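Following: one structure in structure tokens, then a few remarks.
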Amino acid sequence: MSYRSVFILLVSFLVGFNVLHSQMYDDFIGDGHEIGVTVTSSTTSSGDLSEHTITGNKLGTDLEGASRFLAQATMGANYESIEQLSQTGIESWLSNQFNMPASSYYSKYVDIFNDANTIIMNDDDRSDYMSFTFYEMILEEPDVLRQKTAFALSQIFVIAAVNSTLQNRGYFISDYYDLLYQGSFGNFRDLLMNVTMHPAMGTYLSHFQNQKADVVLGTYPDENYAREIMQLFTIGLHELNNDGTIKLDANGEVKPTYDIEDIQELSKVFTGLAGGAAVNGTVSFFTGFGNVDPTVPMAMYESYHEQSEKIMIDGTILPTGRAGMEDVNDAIDIIFNHDNVGPFISTRLIQQLVKSNPTPAYVNRVATIFNNNGSGVRGDMQAVINAILIDPEARDCIWIDDVKAGKLLQPIERFTNLFRGFDISTPSGRMYFRDHIEIYDELEQAFLASPSVFNFYSPFFAEQDYVAPNDLVSPEFQILHSTSGIHYLNLIENSIKIQPFYNRTSPNSTNQALRNNSSDKPVLDFVDEINIYNAGGLSALLDRLDLILCRGQLSDSTKAIIANTINENIANVNNYDASGVIQDALYYIMMSPSYVILK
């Protein structure tokens, strides 16, 4: 199969949405589909769950439905995880994940930093250690839903660990990421406040050491954070209905959520904030960022805080002469309680987890939970994530065949699906993958390496030929083009057939940095797949890989192409053994639309 033909397979989503349809069913059960189905049981056991196996109450599911759910809720799942979920049910799985304690990216970063310094003679606070931290956490920790949610939040509350003031500031980056990770199932108001007060965000969006206006010098408060907390983190540019659709005024025009004066007023609130503690010596407003303790929130220095009256976006007036943190808390409350926040955040999270184009009804259901979790609490993130994942639009099989369904898997997800799906391991137990070096230039994504606060791609991006004319969006397609598509084919082939990534666990020639260790190569575990192929043949193998990677949605035509190609190789390629068959099958599947489009 030529690279041209496989690339056409990869982007065929764009040339007609129905090319990705799975088999159509007139009647089916599983994946939460319950219409017209009644289940009864003769047992009198108090533990009988038969009445729940089809209804949404217990959300029972088959293997394909379990795989589809885990593709939305995790960064990758192996066969055993899929099988276990199909037996225990989605509700039980969610309860277990929500109640699982969080660990710490900061603690893991410290461990990796210390470990690196036993290998090399360099105690620099390096950005690559944060990449190592991410992959070790993603691949080793059991709180897979929290990991996926934090990854989604990191593309809303964006900071960059490379090519910014945070370059080689791993302690700051890891502690900031803990806010997202540990706060994934908390309250959105707390998350918003913690993000605002963290010195990493303060430095990235320049409200760290932001000072009040000085009429003599002609200086005014920096407006960067005031703009982005509204535009990107909470309410967006236009007023929304609860279902995410744009509100129109009496003249049919969109209604902006704020204007330049609102930004200027809010920027006054975020003045006077600087380091909360120093690593060495006494902290002051002018303590340099490099000497600030990254684990302590910024503190308010009243003499640098703007004391004048401030008018908020809802018309609330913050009077003169108040303590700076009173202003900050009130401003956060006003933004948090804006009507836009529920539909704005719900849409962003649905786009990250389930689909690029949720219906207004889906957004409305989730935003309603954001507004009130059923117990009078606004901003309950656990309830929001739960609502996103159990919604009929996420679970019901019929949505798989909807022409507007689906989302393109992000580059990082495509690799973590491979690593987690086939139980990656290394001789040392270390997973020191520096994705910014290995994949960023080619695929335009690496962990916390966004080129700007606007993330790797816009949630509003719409491919111009087929998506935009249908009034849809295709966010991740902004970083998929002819060049990155070909790079993906090459990188994923190398990852499958040569080694998953370069494991940087040995010193370089100067003993100042870590480089690839050829004696510590990561390996993927294909033992089960080899046994399945040897016992059941190619068809059984493709079914297995289809389940793990394509959620059982690998099209018949793609299966036939893969099978024919592999059979030709068996007939014509010397020493083409079971390992070669599995590697090729995996490679062909991972370049197919059935894999890269999550539906």
Side-chain angles (χ1 to χ4, degrees), residues 31-35 49 51-61 65 69 72-74 85 88-102 143-146 148-150 152-153 156 180-194 233-236 239-245 247 314 332-355 358-396 399:
D31 288 29
H33 188 69
E34 57 175 296
I35 298 173
L49 298 178
E51 73 273 20
H52 302 304
T53 58
I54 303 302
T55 69
N57 187 13
K58 290 295 181 182
L59 291 173
T61 186
F69 174 83
Q72 296 166 345
T74 77
L85 175 60
T88 61
I90 290 172
E91 184 182 77
S92 175
W93 187 91
L94 284 169
S95 177
N96 180 59
Q97 286 291 313
F98 285 136
N99 287 296
M100 196 173 289
D143 57 344
V144 291
L145 177 59
R146 187 185 296 273
K148 180 65 173 278
T149 306
L153 290 170
I156 299 171
L180 310 182
Y181 165 68
Q182 295 173 353
S184 289
F185 305 147
N187 192 278
F188 186 81
R189 198 274 181 197
D190 296 333
L191 184 62
L192 186 61
M193 185 66 175
N194 291 337
F233 299 171
T234 56
I235 63 176
E239 289 192 16
L240 303 173
N241 297 302
N242 200 59
D243 63 7
T245 57
K247 285 184 178 179
D314 67 344
I332 294 296
D333 279 340
I334 289 166
I335 295 171
F336 169 65
N337 286 292
H338 193 287
D339 288 344
N340 266 33
V341 178
F344 180 90
I345 289 298
S346 298
T347 301
R348 294 294 168 274
L349 290 173
I350 292 170
Q351 287 180 313
Q352 283 284 327
L353 302 179
V354 177
K355 62 192 303 188
T359 65
Y362 188 5
V363 174
N364 184 61
R365 290 189 293 268
V366 177
T368 298
I369 294 296
F370 181 96
N371 297 338
N372 184 339
N373 67 354
S375 300
V377 177
R378 178 179 176 82
D380 180 348
M381 290 294 290
Q382 176 175 318
V384 168
I385 298 300
N386 187 77
I388 289 171
L389 292 173
I390 68 170
D391 191 88
E393 200 161 319
R395 298 275 59 80
D396 200 323
W399 286 98

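The figures that follow rest on heavy atoms only: side chains count, while hydrogens, waters and symmetry mates do not. Counting begins at 1 with the first residue of the sequence. Please read these numbers as outputs of a predicted model, since none were measured by experiment.
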Tell me if a side-chain donor or acceptor on Asn96 pairs with a main-chain N or O of Ser92 at a distance below 3.5 Å. no
Would Thr74 and Leu145 count as a side chain to side chain contact (heavy atoms under 4.5 Å, CB included) here? Give the steps. CA-CA 5 Å; Thr74 77; Leu145 177 59; 5.9 Å; no
Closest contact, heavy atoms only, Asp333 versus Asn337: O-ND2, 2.8 Å
Results of salt bridge (charged side-chain N to carboxylate O under 4.0 Å, His left out) for Asp314 - residues two or more places apart only: none
As an exercise, state the distance from CG of Asn99 to CG of Asp143, rounded to the nearest 0.5 Å. 12.5 Å
Taking salt bridge (charged side-chain N to carboxylate O under 4.0 Å, His left out) as the definition, give me every residue that meets it alongside Arg348, ordered by chain and number, with sequence neighbours left out. none
Test item: Val384 and Phe370 side chains (from C-beta on) under 4.5 Å apart, heavy atoms: yes
Just how far is it from atom CD1 of Ile345 to atom CE of Met381, taken to the nearest 0.5 Å? 7.0 Å
Is it true that a side-chain atom of Lys355 and a backbone atom of Ala394 form a donor plus acceptor pair closer than 3.5 Å? no
Which heavy atom of Gly342 sits nearest to which heavy atom of Ser346, and what is that distance? O-OG, 2.6 Å
Got a donor-acceptor contact below 3.5 angstrom from the Thr347 side chain to the Pro343 backbone? yes
Show me the pairs that pass salt bridge (charged side-chain N to carboxylate O under 4.0 Å, His left out) and involve residues 362-377, at least two apart or across chains. Arg365-Asp391, Arg365-Glu393
Side chain to side chain contact (heavy atoms under 4.5 Å, CB included) with Asn340: of Ile335, Asn241, Leu240, Thr234, only one passes, and it is Leu240
Report the residues that fulfil ring-ring contact (aromatic ring centres under 6.0 Å, His included) with Tyr181, sequence neighbours left out, ordered by chain and then residue number. Tyr105
Sequence neighbours excluded, which residues qualify as ring-ring contact (aromatic ring centres under 6.0 Å, His included) partners of Phe185? Phe98
Pairing residues for Trp93 by the ring-ring contact (aromatic ring centres under 6.0 Å, His included) criterion, not counting sequence neighbours: Phe69
Would you say Leu94 and Ile385 make side-chain contact, with heavy atoms under 4.5 Å? no
Looking at Val363 and Pro358, what are the two nearest heavy atoms and their distance? CG2-CG, 3.8 Å
Output for pair (Leu349 CG, Leu153 CG), nearest 0.5 Å, gives 6.0 Å
For Ile90 and Arg395 the tightest heavy-atom approach is CD1-CD, 3.5 Å
Test item: Asp339 and Asn242 side chains (from C-beta on) under 4.5 Å apart, heavy atoms: no
Nearest non-hydrogen partners of Gln182 and Ala102, listed with the distance: CG-CB, 4.0 Å
Is it the case that the side chain of Arg378 and the backbone of Phe336 share a donor-acceptor pair, with hydrogens and angles ignored and the cut-off at 3.5 Å? yes
Any chance you could measure Gln97, atom CD, to Gln382, atom CD, to the nearest 0.5 Å? 11.0 Å
Indicate yes or no for a side-chain donor-acceptor contact from Asn364 to the backbone of Pro360 under 3.5 Å, with no hydrogens or angles considered. no
Nearest-0.5 Å distance that lies between atom CD in Gln352 and atom NZ in Lys148: 8.5 Å
Separation between CD (Gln351) and CD1 (Ile156), nearest 0.5 Å, reads 9.0 Å
Whether Tyr362 side chain and Ile388 backbone form a donor-acceptor pair below 3.5 Å: yes
